[in-house]
Number of protein chains: 2
Amino acid sequence: MIFKKIGIIGGGQLGKMMISEGKKLGLFFAILDPVTDCPCSSMVDRHIVGDFYDRDKIRSLAEETDVITYEFEHIDADILMELEEEGHTIYPSPGTLKMIQDKFQQKSFLQSQGIPVSAFQRVKSVQDLQKSTLQYGFPLLLKSCRGGYDGKGNYVIKNAEEVSTAYDALGGSASELMVEAFVPFVKEVSVIAARGIKGEIKVYPLGENIHENNILKTTIIPARVSKEVEEKAKALAMETMEVLKGVGIFCIEMFVDKNNHLLVNEIAPRPHNSGHYTIEACSTSQFAQHIRAILGLPLGETALLKPAVMINLLGEKGYEGRAKLVGTEKALGLPKVYVHFYGKSVTAPERKMGHITILDNNLPLALKKAERVKDMVKVIS
Amino acid sequence: MIFKKIGIIGGGQLGKMMISEGKKLGLFFAILDPVTDCPCSSMVDRHIVGDFYDRDKIRSLAEETDVITYEFEHIDADILMELEEEGHTIYPSPGTLKMIQDKFQQKSFLQSQGIPVSAFQRVKSVQDLQKSTLQYGFPLLLKSCRGGYDGKGNYVIKNAEEVSTAYDALGGSASELMVEAFVPFVKEVSVIAARGIKGEIKVYPLGENIHENNILKTTIIPARVSKEVEEKAKALAMETMEVLKGVGIFCIEMFVDKNNHLLVNEIAPRPHNSGHYTIEACSTSQFAQHIRAILGLPLGETALLKPAVMINLLGEKGYEGRAKLVGTEKALGLPKVYVHFYGKSVTAPERKMGHITILDNNLPLALKKAERVKDMVKVIS
């Protein structure tokens, strides 16, 4: 069982952290990634250099390994469905992936299963979009149904003048677009959830996410919400996993509104940035858990060992080129500060270059220490 | 600072666990090891395939990296001393390594510095050895001064009839040999200690080691000794690090006798099997600490987070060939059980193939769980 070969589509930091856990168990890893010096490249047994939509390369990866997984969802789901039909093992299931890839389908499915989501509809023309503004008011969120991440493919329309600009910005009638009613949330939270091959589900503690420019900056665990909200969110995450029938780690992002109602925002069928804290703050990291799930091993404990704050190390604005991490010496002088640097050779403004997890005996102490660390460590060039 | 390239002489499991920690910081690693599929091979940026005594290859490793370290002490110390003189950075220092490599020199040095060690002397002939038996009585330990590990190069002489057999078994007059008075110990313990470039020292909790056939089977942390003995052992370890002026992680093995006196047995100038528990049971593992030390980064915390038991996964007797790990599924079903499998393709009786760390809220619970795990997991072929 333990000697299976795992193929990962994508060679970024999520893959790297997955490999790091899997190597402890002596597992073999192959990746598919177009970038020869991607973060996984120096830790992997086999690197197939190729595009995420290269059907031949995906097929090679499947043929060389026992289980296929992915660390990135914008990949060719159709070929994965074909491979699954031919008998290859792929987790999470390509069918679930295909549905999640299309945000309109994702939301429609969740809604059909009774999972609360914000109001949404497809828009096929600028006229459709104008109608939606009347129905939902401003601000209004225009989204590409496919391919968006870190705010790419999203447009917040603040007023009527922006309607056609937004429509054109996201590709206009050449793109599949949808609108979502803006949710006046008080918190953005996420649950990392794991589901095993036999359907067993385990969820991690609720994380509170702070985004800037649509990019995750900070996750605070446990989220600063009432016990009741935390329990509701975990139950909602479990229900979502149940309806998705996903195998592996999923991230379920939610909004909490001022009445403490929860709405599922987006689902990622893979380990997630907001779950990085699990490496040091839980017995089983999200990456170890993903491997357990897809290999049919028992799921591990998910309890929080210590309150944690995760801060992303984004490339500083104004710096582009060969990456340089400064301030680490100082940060490592503080107790329970864990620096992760992904090994991307080139930095760019707001590029995810690494993260730091900060633990302490209580959350106020962890937050205070995180503020100090944030001022110390920078990625420049 | 953080972008330094680290060269490791040796590509075994200790190197692998070191690389695993260093990769979190985005560091580059090169290794020198004669075995193409050694445990490090699939995680390393550069593998120089060559013998530990190949001076040209060691020189190449030094030229390609910023800091040289080693995970195995039976290497060519002279070339390292040359390279150090030429300006290469090597930690722990080749001078310390050379002294430690020769057990007679090691003991003589420790004794000269006031560190308590058992009685010992050089033997250059079978007559010398016979004289020693009169002086020290039986049992008596005959040791090769160089190159021994896991009991290889050691011979316990139980009676006068065994004297010449033992002498011949260890190579006779062709070898450098020494004898050590047998210590009637009640416990074998070890301290993992780190010393930084500026001389700061941190020690880990005292571990209690259980050997069988001279091979480490189990480490129990904290050691089941009085608080007083633990404190004395840590102080002795700090004193030893001070006199050695070593930079990096060292393991200081000691005997505790029935009067609670401590004697230093052996020193390893590298991370040690008895310190593997630090990966999950401490904030900073011995491997992360070693990297911090040799890069001049601040040393991390060494406190024990939870009582731990480490059991070695040795190749089962009667099995030789392609390694197979059985029972992992069951073991991973228990909470706080961490399986490490080094990825050596071939097993042999008593070969170190992996280890499992078991944590719990108190030591009796951890010991009980470890007994169950030991019965579950086996390395066969």
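Sequence lines set the chain letters: A, B, ... in the order given, protein chains first and strands last, and positions in each chain run from 1.
Only the side chain of B/Y338 comes within contact range of chain A, with at least one heavy atom under 4.5 Å from a heavy atom of that chain. Of the two parts of A/L305, only the side chain, counted from C-beta on, holds a non-hydrogen atom closer than 4.5 Å to a non-hydrogen atom of chain B. Contact of A/V326 with chain B is not made at all, since no heavy-atom distance falls under 4.5 Å. Heavy atoms closer than 4.5 Å to chain A are found in the side chain of B/K16, but not in its backbone. Contacts of B/R292 with chain A are made by side-chain atoms alone, with heavy-atom separations under 4.5 Å and no backbone atom involved.
Here the options are A/V373, A/L325, A/V377, the test is side chain to side chain contact (heavy atoms under 4.5 Å, CB included), and the partner is A/V339; only A/L325 passes.
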Checklist line | Evaluation steps, salt bridge (charged side-chain N to carboxylate O under 4.0 Å, His left out), between B/K336 and A/E301 | finding: CA-CA 8 Å; B/K336 297 192 179 59; A/E301 284 182 301; 2.9 Å; yes
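Distance alone, capped at 3.5 Å, places no donor-acceptor pair between the B/H47 side chain and the B/S41 backbone. A/K306 places no side-chain N or O within 3.5 Å of a backbone atom of A/E280 that could act as its donor or acceptor partner. Judged by distance alone, with hydrogens and angles left aside, the side-chain atoms of B/N312 form no donor-acceptor pair with the main-chain N or O of B/L314 at under 3.5 Å.
Of the listed residues (A/P39, A/G343, A/G354, A/S42), the greatest number of heavy-atom pairs within a distance under 4.5 Å of chain B belongs to A/S42.
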